[in-house]
Amino acid sequence: MKYNIAVVKGDGIGPEIVNEAMKVLDKIGEKFGHEFVYNEVLAGGCAIDATGMPLPQETVDACLASDSVLLGAVGGPKWDNLPGDKRPEKALLGLRSALGLFANLRPAMMFGELADACPLKKEVIGEGLDILIVRELIGGVYFGERGRRQTENMGEEAYDIMAYSEKEVERIGRVAFEMAKKRNFKVTSVDKANVLETSRLWRSVMHKLKEEYPDVEYNDFLVDNTAMQLVSNPGQFDVIVTENMFGDILSDEASMVTGSIGMLPSASLGEGTRGLYEPIHGSAPDIAGKNMANPLATILSLGMMLRYSFGLMEEAEAVENAVKSVLAKGYRTADIMSDGKTLVGTVEMGELVKKELN
Ligand code: NAD
């Protein structure tokens, strides 16, 4: 099979980590008889430098014409002082919305080999951690009406409106239930139904939906309680589904529990099979160009692409197992380094994963 992939390397460590991921994907192609064709396009700071815009139309068109999109990271100090709508990060929101990517899947898993990097006590973490956070990505307060107005005697006032429709809730809820069926059959829906009207609608839609999935265990959690439970008893969760802003915050918290930002992939999906796959971390300008970045989050993002966009389960597992083997052999980039392990750079780590696929 031939697959067309739009590649957005982006800024900072983006090009370094994406290059390693592409090497691994080429190896998968060679081993399993697939052809991966890359179309490299610009987004973020490098696109601002080249075209004046963070997300050129050409990039959107190339992504829409592709079978899937691989992204490194965008942003950096060079572009930090630009106004909001000209900033590199605007490219991410633009791409998500142009591609209709309403579901963000962020696995927070702890690799046994990296248990020492977990900031929680061993008795809290128990057998390990394997949570999938399903976050609604193109609705809620981040996309609602916003503005400022003058009040009579309280000075200027700013507002951001949070709105959710039944359809928006149902489609993200369905993603969560379907994912749970491929995992441990448990969905936790997170809201703030004791205060917010959007949450009350969210909860009622979820309750209707759960009737369609009698084999999946379901429960409702308030967002504040979830934030606490993620650090006191994270092992209780399988799939967590929530709205945009709660998901943004909780997924960062969950990833910190695993202790390694350089290890965590993500997928953003819409109605079809095309998705956007990227590591959860940013462009790490502090280590860019130093062959120090951990490419494993990007390589694991590719694994998610093989699984969710192309339905290539065996190939996805091969990537994940290759990463595990390299870790088991004691190779580490600087961010996950510990005593007695072998320190390697970005390129070496990519080569080691590729070698495991021989
Ligand atoms: P960051 O994730 O880039 O870096 C946080 C820390 O983690 C840094 O110390 C960095 O060196 C380290 N780190 C991150 N990824 C690593 C990796 N693969 N290997 C080793 N170490 C790694 O977050 P930040 O410093 O807050 O942001 C830097 C820039 O990235 C900003 O311009 C920000 O807006 C942007 N950003 C982009 C995305 C994205 O493209 N999706 C996400 C978050 C931040």
Side-chain angles (χ1 to χ4, degrees), residues 7-21 24 41-49 54-55 59 63 69-97 99 101 104-106 111 114 117 119 135 137 142 244 247-249 251-253 255-256 258-268 275-302 304 323 326-327 331-338 341 343-350 353:
V7 177
V8 183
K9 292 184 176 175
D11 310 312
I13 60 171
E16 298 168 66
I17 53 180
V18 171
N19 284 345
E20 295 317 307
V24 171
V41 282
L42 297 178
C46 56
I48 295 173
D49 289 350
L55 184 63
T59 298
C63 292
V69 183
L70 177 66
L71 187 138
V74 298
K78 183 176 175 192
W79 306 281
D80 271 352
N81 295 325
L82 292 172
D85 61 335
K86 300 250 159 52
R87 285 175 62 94
E89 292 78 5
K90 195 77 192 163
L92 298 176
L93 293 181
L95 261 184
R96 286 168 187 167
S97 130
L99 299 177
L101 306 172
N104 182 228
L105 271 47
R106 273 180 53 167
F111 288 83
L114 298 179
R135 164 188 168 195
L137 204 56
Y142 291 179
N244 204 345
D248 189 7
I249 299 166
S251 56
D252 267 11
E253 184 190 1
S255 60
M256 278 304 103
T258 70
S260 41
I261 194 172
M263 293 296 303
L264 297 173
S266 80
S268 301
L276 171 72
Y277 297 84
E278 57 179 322
I280 68 150
H281 57 72
S283 59
D286 51 335
I287 55 167
K290 296 183 180 161
N291 192 34
M292 279 173 72
N294 185 346
L296 294 179
T298 316
I299 291 171
L300 291 167
S301 300
L302 266 186
M304 292 185 86
V323 169
V326 170
L327 293 174
Y331 295 105
R332 303 281 188 271
T333 43
D335 55 313
I336 50 172
M337 184 61 186
S338 57
K341 306 298 178 195
L343 181 67
V344 295
T346 312
V347 175
E348 294 76 13
M349 187 54 104
V353 175

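Just so you know, residue 1 is the first one in the sequence shown, and it goes up from there. Both counts, for ligands and for their atoms, begin at 1 and track the order of listing.
- Going from atom CG of N294 over to atom CE of M263 covers 6.0 Å, rounded to the nearest 0.5 Å.
- A donor-acceptor contact shorter than 3.5 Å is absent between the side chain of S266 and the backbone of L105.
- Relative to atom 39 (C) of ligand 1, the option among L92, D286, V8, D80 with the closest non-hydrogen atom is L92.
- For atom 1 (P) of ligand 1, the choice among A43, P285, G282 with the nearest heavy atom turns out to be G282.
- Of the charged side-chain nitrogens involved, at least one lies within less than 4.0 Å of a carboxylate oxygen, so that D252 and R106 count as a salt-bridged pair.
- Residue R87 has no nitrogen or oxygen atom sitting less than 3.5 Å from a nitrogen or oxygen atom of ligand 1, judged on distance alone.
- Close contacts of ligand 1 with A73, meaning ligand atoms under 4.0 Å from a residue heavy atom, involve 40 (O).
- Scanning the protein for heavy atoms near atom 40 (O) of ligand 1, the closest one is V74 N, 2.8 Å.
- D248 places no side-chain N or O within donor-acceptor distance of the main-chain N or O of N244, the cut-off being under 3.5 Å.
- Rounding to the nearest 0.5 Å places CG of L95 at 8.0 Å from CG of L101.
- Contact atoms of ligand 1 toward A293: 19 (N) (distance under 4.0 Å to a heavy atom of the residue).
- Here is the list of ligand 1 atoms found below 4.0 Å of a heavy atom in G76: 32 (O).
- A donor-acceptor pair is defined here as one N or O able to donate and one able to accept, closer than 3.5 Å; no such pair exists between the side chain of T59 and the backbone of L55.
- At a threshold of 4.0 Å, the pair D11-K78 does not count as salt-bridged, since none of the basic side-chain nitrogens sits closer than that to a carboxylate oxygen.
- Judged purely by atom type and a 3.5 angstrom limit, N291 uses its side chain to pair as donor or acceptor with the backbone of V347.
- Of the polar atoms of P279, none of the N or O atoms is found under 3.5 Å from an N or O of ligand 1, judged by distance alone.
- Distance remark: protein heavy atom present below 4.0 angstrom from atom 14 (C) of ligand 1.
- Protein heavy atoms come within 4.0 Å of atom 36 (N) of ligand 1.
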Starting from the C-alpha separation in whole Å, work towards a yes-or-no answer on side chain to side chain contact (heavy atoms under 4.5 Å, CB included) for L327 and I336. CA-CA 10 Å; L327 293 174; I336 50 172; 4.0 Å; yes

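- Here is the list of ligand 1 atoms found below 4.0 Å of a heavy atom in E89: 31 (C), 32 (O), 33 (C), 34 (O), 35 (C).
- Not a single heavy atom of A297 lies less than 4.0 angstrom from ligand 1.
- Under a 4.0 Å criterion applied to the non-hydrogen atoms of E278, ligand 1 contributes the atoms 41 (N).
- No donor-acceptor pair under 3.5 Å is formed between the side chain of T333 and the backbone N or O of A293.
- Closer than 4.0 Å to atom 25 (O) of ligand 1 lies none of the heavy atoms of the protein.
- The closest non-hydrogen atom to atom 21 (N) of ligand 1, taken over I287, N294, D252, comes from I287.
- Checked by atom type and distance alone, the side chain of S301 never pairs as donor or acceptor with a backbone atom of Y277 at under 3.5 Å.
- In this structure, atom 30 (O) of ligand 1 is in close contact with the protein, since a protein heavy atom lies within 4.0 Å of it.
- Of the heavy atoms in I17, none comes closer than 4.0 Å to ligand 1.
- Checked by distance only, ligand 1 and G72 stay at 3.5 Å or farther apart across all their nitrogen or oxygen atoms.
- For atom 3 (O) of ligand 1, the candidate residues are G262, P88, G75, A284; the nearest heavy-atom contact is made by A284.
- In this structure, the side chain of R332 does not engage the main chain of V344 through any donor-acceptor pair within 3.5 Å.
- Contact between I261 and ligand 1 is present, with at least one heavy atom of the residue lying under 4.0 Å from the ligand.
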